[in-house]
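Have a look at the structure below before the remarks.
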Protein chains: 2
Amino acid sequence: MTRSEENYLKTIFHLGGGNAQSITTNAIAEQMETKPSSVTDMAKKLADKGLVNYVKYQGVSLTDSGIKTALSIIRKHRLWEVFLVKKLDFTWDEVHEVAEQLEHIKSEKLIDKIDELLEFPKYDPHGDPIPTKDGKFMERDEQLLSEMPVNTQGVCVGVKDSSAPFLKFLDKNNIALGHTIKVLEKEDFDQSLHIELQGKELRISHQIAANLYVKKND
Amino acid sequence: MTRSEENYLKTIFHLGGGNAQSITTNAIAEQMETKPSSVTDMAKKLADKGLVNYVKYQGVSLTDSGIKTALSIIRKHRLWEVFLVKKLDFTWDEVHEVAEQLEHIKSEKLIDKIDELLEFPKYDPHGDPIPTKDGKFMERDEQLLSEMPVNTQGVCVGVKDSSAPFLKFLDKNNIALGHTIKVLEKEDFDQSLHIELQGKELRISHQIAANLYVKKND
DNA sequence: ACCTATTTTTAGTTTTGTCTAAATTTATAT
DNA sequence: ATATAAATTTAGACAAAACTAAAAATAGGT
């Protein structure tokens with residue numbers, strides 16, 4: 001399994017190829033910042049290895065074996081992210097780039113020991129669930145803040161966009177995982193929100209709200 | 001700097017290319033388990049980048065820039081080895097293979113934080129000195145056990161061969177870094193040694209003694 | 001149904017790092 | 001000094017992973 005193959009599987013998974021959905025070469029190319037023709041080449045290669053189902057002009061979806069491999073890479077990525085934050089004091093906007101490299105290290109013992117050192121975390125620093133060793137994938141009962149009705153409240157449990165600029169914005173505005181958020185008012189005009197965050201009032205744009213996952217309180 | 005380039009620089013350094021010595025392509029090829037013609041290709045490439053001095057049919061030596069780069073890779077390799085042993089309970093015969101991968105991770109912050117987490121170790125699990133961030137290389141006052149005169153004693157500070165079989169042999173015989181060793185008798189016939197190790201007597205072959213570094217007591 | 005625009009694939013090329021086989025240079029031994 | 005052996009380089013080829021440009025297939029609109 002080469003680094004490139006691993007990156008393709010991961011991307012296909014993130015685009016939904018684990019749910020039997022057919023992902024187009026164009027979508028993959030755009031996500032990976034490469035050309036569709038390169039994706040076609042790799043699709044054939046991965047199909048030969050039994051990791052994807054590939055139908056010409058239709059797209060690719062992951063096989064069971066492909067899902068398993070993708071999950072193991074995602075598991076490694078997220079565990080390394082937790083390691084960087086908890087053990088090396090990285091901030092959550094710094095971890096992605098390094099984890100992209102670390103996820104390709106080949107040693108089952110290494111990642112199991114990292115898991116143990118971190119006391120088997122369930123979520124990464126962005127709130128994304130960490131697949132278990134046997135490929136189980138936690139699903140969370142969450143929704144986007146932008147979809148919460150007025151006057152409901154919940155706890156921030158994850159981010160949809162985990163780019164550095166967005167994460168830095170959240171830091172600046174004291175928005176962090178675990179913080180309580182209540183929707184006070186929704187502006188019809190631009191969908192912006194008036195919220196109560198940890199007791200303080202705040203206004204945020206729709207674009208922000210559409211990238212925050214919240215778990216509704218019972 | 002590609003992975004392959006880094007591996008060449010590291011190998012050239014270990015073969016003595018940092019001391020202005022010219023290392024032959026054959027020696028490098030043998031060490032890296034590749035072909036001399038491949039080494040020639042890479043020698044040209046590294047020379048173009050100003051990392052080695054290459055003279056056709058003579059061999060290569062590292063430039064200052066090449067030495068600096070090689071030391072930074074060796075630094076990373078050895079720090080990761082310490083990390084694996086101290087934080088993840090790897091044994092000293094398990095660390096090399098994984099460190100070979102980890103040494104190529106590109107993040108200055110990462111390795112500095114690992115260094116800090118480990119409290120700035122000076123030696124790796126095999127007793128090899130860890131270069132400092134600014135490329136200083138500790139030299140130890142050490143000699144091979146096989147070269148110690150009869151009736152002198154010292155402390156085991158390193159291994160020359162750090163292959164898994166040798167290290168496992170040492171474990172089995174309770175030979176570890178920090179242990180006191182006294183040479184009781186040298187057998188003329190096969191150069192084998194009769195030693196006192198941590199108070200207990202033991203016989204070891206010349207081959208073993210020639211792979212153990214000892215620091216003589218004053 | 002047909003034309004057009006878009007998407008996808010094919011064919012051919014590039015780069016990196018490797019190899020084999022042949023040619024060349026250096027070293028060695030009489 | 002010269003033949004021979006050993007080491008080294010050159011030339012040409014290959015595989016992986018990417019690209020460009022051209023061809024082919026699909027999808028949409030009328």
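No hydrogens, no waters, no symmetry mates; every other heavy atom, side chains included, goes into these values. It should be emphasised that the depicted structure is a prediction, and the values quoted were computed from it without experimental measurement. Quick note on labels: first sequence line is chain A, next is B, and so on, each numbered from 1.
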Could you go through nucleotides 20-24 of chain D and list every protein N or O atom that sits under 3.5 Å from one of its N or O atoms, giving the distance for each pair?
unit_1	atom_1	unit_2	atom_2	d
D:dT20	O4	A:S37	OG	3.1

> For C:dT9, does either OP1 or OP2 sit under 4.0 Å from a side-chain N or O belonging to A:Y54?
Replying inline: yes

>> Does D:dA16 have its OP1 or OP2 closer than 4.0 Å to a side-chain nitrogen or oxygen of A:T2?
In response: no

> Between A:P36 and A:N26, which heavy-atom pair has the shortest distance, and what is it?
Replying inline: CG-OD1, 3.1 Å

> Which sits closer to the 5' end of DNA chain D, B:P36 or A:K56, going by the nucleotide each is nearest to?
Replying inline: B:P36

> How long is the line joining CG of A:D41 and P of C:dT10, in whole Å?
Replying inline: 9 Å

>> To the nearest 0.5 Å, what is the distance between NE2 on A:H104 and CH2 on A:W80?
In response: 13.0 Å

> Once you round to the nearest 0.5 Å, how far does CD1 of B:I105 lie from CG of A:L102?
Replying inline: 4.0 Å

>> If I take atom CZ in residue B:R3 and atom P in nucleotide C:dT18, what distance separates them, rounded to the nearest angstrom?
In response: 12 Å

> Would a 4.5 Å heavy-atom cut-off, applied to side chains only, mark A:P129 and A:F137 as touching?
Replying inline: yes

>> Under a 3.5 Å cutoff, is there a donor and acceptor pairing between the side chains of B:Q191 and B:H206?
In response: no

> Heavy atom of residues 10-33 of chain A under 4.0 Å from DNA chain C: which residues?
Replying inline: A:T24, A:T25, A:N26

> Between D:dA16 atom C1' and A:E5 atom CD, what is the distance in whole Å?
Replying inline: 10 Å

> Taking only residues two or more places apart in sequence or in another chain, which ones pass side chain to side chain contact (heavy atoms under 4.5 Å, CB included) with A:K113?
Replying inline: A:K109, A:E116, B:L88, B:D89, B:F90

>> How long is the straight-line distance from OH of A:Y54 back to OG1 of A:T25, given to the nearest 0.5 Å?
In response: 7.0 Å

> To the nearest Å, how far apart are B:M42 CE and D:dT8 P?
Replying inline: 18 Å

> Testing A:H77, A:E5, A:E103 for side-chain hydrogen bond (donor to acceptor under 3.5 Å, both in side chains) with A:K10, which one passes?
Replying inline: A:E103

